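In what follows, chains are A, B, ... by sequence order, proteins preceding strands, each numbered from 1. Both backbone and side-chain heavy atoms feed into the values below; hydrogens, waters and symmetry mates do not. This is a predicted model, so every value here is computed, not measured.
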Protein chains: 2
Amino acid sequence: MKRLTLKDVARMAGVAPSTVSFVLNGKAKQMRIRDEVAQKIMGVVNQSGYEPHRVAVNLRTGQSKTLGLIVESISGSFFASLARTIEIEAERLGYNVVYCSTENNAEKGGELIRMLGRQMVDGYLITPAPGMENDIRRLVQMHKPVVLMDSYFPGIKAPYVLIDNFHGVQLGMDHLFEKGYRKIGYVSVDISLIQLSERQRSYVQALRKMEIPFRKKRMVELNYHDSREQNLAHLEAFIRENRDLDAIFFATNYLGILGLEALGRLKLSMPKHMAVICFDDHDIFRLYPPGITCIEQPIEGIASKAITLLMKQLDKQQGPLKESQVTLPGKLIVRSST
Amino acid sequence: MKRLTLKDVARMAGVAPSTVSFVLNGKAKQMRIRDEVAQKIMGVVNQSGYEPHRVAVNLRTGQSKTLGLIVESISGSFFASLARTIEIEAERLGYNVVYCSTENNAEKGGELIRMLGRQMVDGYLITPAPGMENDIRRLVQMHKPVVLMDSYFPGIKAPYVLIDNFHGVQLGMDHLFEKGYRKIGYVSVDISLIQLSERQRSYVQALRKMEIPFRKKRMVELNYHDSREQNLAHLEAFIRENRDLDAIFFATNYLGILGLEALGRLKLSMPKHMAVICFDDHDIFRLYPPGITCIEQPIEGIASKAITLLMKQLDKQQGPLKESQVTLPGKLIVRSST
DNA sequence: GGCCTGTGCTAAATCGATTTTGTAAAGATT
DNA sequence: AATCTTTACAAAATCGATTTAGCACAGGCC
């Protein structure tokens with residue numbers, strides 16, 4: 001009941017192992033194997049059901065045909081959609097994917113990268129978290145194929161794919177303006193990631209464009225390292241102190257969900273007392289009455305573009321990637337919270 | 001800038017490669033390597049930062065030190081918690097985990113198993129879906145280490161770990177009775193999985209125990225293959241036709257969420273018009289006003305027990321596993337929907 | 001002194017592929 | 001006819017580890 005090896009196939013076909021290998025790897029022409037022989041080999045392969053031993057191939061070629069996907073949290077709908085699309089695309093190209101989550105643990109990111117390095121993944125797809133900067137820089141320096149998603153580090157010359165954050169917030173703000181809201185608060189969090197500063201910049205810009213004076217009091221940054229409870233209290237206080245607001249823009253879906261809870265506690269109903277809009281969709285936003293308006297990320301687009309960029313790096317030693325910093329437009333999903 | 005190999009280390013330490021291997025694998029005593037030599041080797045290893053090439057080790061030993069985790073859906077909180085716990089436990093034991101989701105695709109499950117087989121995982125952790133029965137049977141016949149979670153097939157002698165479904169529903173029903181509810185509906189789905197029939201059996205039994213006549217009309221099975229919209233309509237009709245119900249028991253969290261939407265559409269509020277309880281918790285149940293009562297699965301317990309059972313199979317060729325069909329008690333989480 | 005038994009390691013085989021090099025036979029060239 | 005090419009494969013090296021078999025030397029025993 002032992003595994004069929006290339007040698008066995010060779011013996012069955014009456015040829016040398018190398019010949020079988022050539023045929024199986026499409027090098028029959030190049031190695032001028034007669035069609036006759038090639039066909040005989042293919043016959044034996046097909047009806048014996050032989051499949052190459054991936055580990056052996058990996059050892060010999062140095063290619064694991066495996067990609068590493070490192071995300072913040074393995075739960076969360078963002079990851080779920082991302083993973084699905086990436087896995088499908090990867091499989092189509094003959095690659096496997098291993099997932100890892102940093103679970104918001106700064107140093108775990110680095111460990112994971114090293115772990116995957118040992119495991120010999122051929123390339124990395126990463127949603128960067130604060131603290132992973134150096135590890136990612138190292139990967140780039142070692143010329144390992146990497147594509148960042150959802151965020152990036154301005155100092156590192158790695159390809160990335162993400163939503164156009166500035167444009168996304170603009171969409172949301174325009175929608176709020178259209179609906180007549182003018183006193184718009186903004187809730188963010190103090191992580192130094194580029195997407196958050198972009199969103200904030202867009203919020204300020206949007207106000208300016210409408211000639212609404214920007215008031216610092218209407219903006220709050222929750223503390224990333226605080227507990228959920230602390231953040232909730234913080235947010236509740238912010239809303240209570242800004243009774244005149246007619247709408248709140250939440251910079252991430254985590255914040256938005258927190259917002260729903262805070263508003264619930266304050267017995268403020270949407271959109272009567274307060275309109276709510278959130279960057280990044282979430283299952284809950286569809287279900288939670290009355291439905292939360294949001295800016296949806298083009299997750300599938302991000303995933304497939306990221307794979308494409310990674311493959312370009314894997315395929316050959318082509319020169320520096322050009323046009324490898326991609327932003328894709330988000331989509332406004334209007335529900336009844338605005 | 002090439003990778004350091006065992007040979008390099010051997011040369012640096014002035015010994016043979018085999019000697020280094022013995023020392024690194026803790027066989028120094030057995031192979032009577034002098035402490036002196038062993039220590040010198042360890043010195044070289046430590047300060048050179050050598051790490052064995054996993055692929056080569058894998059090829060030689062036939063052990064990939066990798067486990068395959070096959071779940072229905074890679075989103076979903078059940079999977080998220082499961083994956084986290086399993087990954088942590090596995091890492092502690094020196095194993096990696098690759099995830100795969102069947103995405104409710106009957107035949108994809110089989111493909112995955114074969115795919116992982118090719119990839120040479122050492123063992124399988126599977127949450128069985130309908131249609132995977134034969135593939136799982138094959139695994140067991142081939143004496144591949146397998147542990148099933150969340151469900152099992154009565155005909156297959158594979159170890160499994162799952163919540164005590166009967167007891168869980170009982171907990172929920174007792175809670176409903178205690179709160180004074182007597183007209184209790186039951187919503188299930190027509191998948192032939194053991195956990196669903198167990199839950200249903202428990203529902204019927206609980207009614208009998210309270211001497212409440214079981215009425216078929218109060219129970220509905222949605223069609224697994226219907227679309228979300230169809231199911232929603234089906235559920236809405238069920239509720240409309242059972243106006244006299246004062247509580248509904250949903251057999252899975254997917255059904256529960258659907259129920260929330262249906263009740264929302266019918267403008268029925270919980271628990272005033274209808275109490276709601278659901279088997280298996282979900283993020284949304286915590287947030288959705290007024291909070292949904294549910295039976296929580298002991299996910300971490302399931303995960304760690306499953307790993308333990310798998311390791312027992314991996315460790316040695318010990319005889320037939322005894323006490324390998326495990327059920328763990330669930331926990332009632334009371335929120336304001338009851 | 002010859003034979004046996006431990007020591008303490010090294011040499012070589014092995015895992016299952018890929019890839020480079022080698023080679024016999026047929027055909028082309030001078 | 002002798003030499004060179006080309007054809008069509010086979011043989012052997014290789015990837016980086018583990019593991020089995022082997023081997024030199026020291027000491028003990030008869």
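Side-chain N or O atoms of Thr308(B) include none that pairs as donor or acceptor with a backbone N or O of Ala306(B) at under 3.5 Å. A distance-only check finds no donor-acceptor pair linking the side chain of Asp122(B) to the backbone of Gln63(B) [under 3.5 Å]. Counting only distance, with no hydrogens or angles, the side chain of Thr19(A) and the backbone of Val15(A) share no donor-acceptor pair below 3.5 Å.
Regarding Gln30(A), its CD atom lies at a distance of 15 Å from the P atom of dA8(D), rounded to whole Å. The OH atom of Tyr50(B) sits 11 Å away from the C1' atom of dT18(D) (whole-angstrom rounding). We find that CG of Leu59(A) is positioned 17 Å from P of dA13(D), with the value rounded to whole Å. Going from atom CG of Leu6(A) over to atom P of dA12(D) covers 17 Å, rounded to whole Å.
Contacts between residues 16-28 of chain A and DNA chain D, defined by a heavy-atom separation below 4.0 Å, involve Ala16(A), Ser18(A), Thr19(A), listed by number.
You'll find that the side chain of Arg60(A) is closest to dA13(D), out of dT7(D), dA13(D), dT20(D).
Looking at Glu36(A) and Lys40(A), no side-chain N of the basic residue comes within less than 4.0 Å of a carboxylate O on the acidic one, giving no salt bridge. Ionic pairing of Arg11(A) and Asp8(A) is present here: one or more N-O contacts between side-chain nitrogen and carboxylate oxygen are shorter than 4.0 angstrom. In this structure, Lys312(A) does not pair ionically with Asp315(A), as no charged nitrogen and carboxylate oxygen lie closer than 4.0 Å.
Comparing Gly14(B) and Thr5(A) by the nucleotide of DNA chain C that holds the closest heavy atom to each, the one mapping nearer the 5' end is Gly14(B).
Once you apply a 4.0 Å limit to the heavy atoms of chain A, the touched nucleotides of DNA chain C run 5' to 3' over dG16(C) to dT20(C).
Using a 4.0 Å heavy-atom criterion, one finds that Arg34(B) contacts the sugar-phosphate atoms exclusively.
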* In sequence, state the C-alpha distance, the side-chain angles, and the governing distance for Asn58(A) and Lys65(A), and then conclude on side chain to side chain contact (heavy atoms under 4.5 Å, CB included). => CA-CA 8 Å; Asn58(A) 184 346; Lys65(A) 291 285 174 184; over 6 Å; no

* To do: Report the C-alpha distance between Glu300(A) and Thr85(A) in whole Å, list the side-chain angles of each, state the deciding distance to 0.1 Å, and finish with yes or no for side chain to side chain donor-acceptor pair (under 3.5 Å).
  => CA-CA 6 Å; Glu300(A) 294 189 10; Thr85(A) 309; 4.5 Å; no

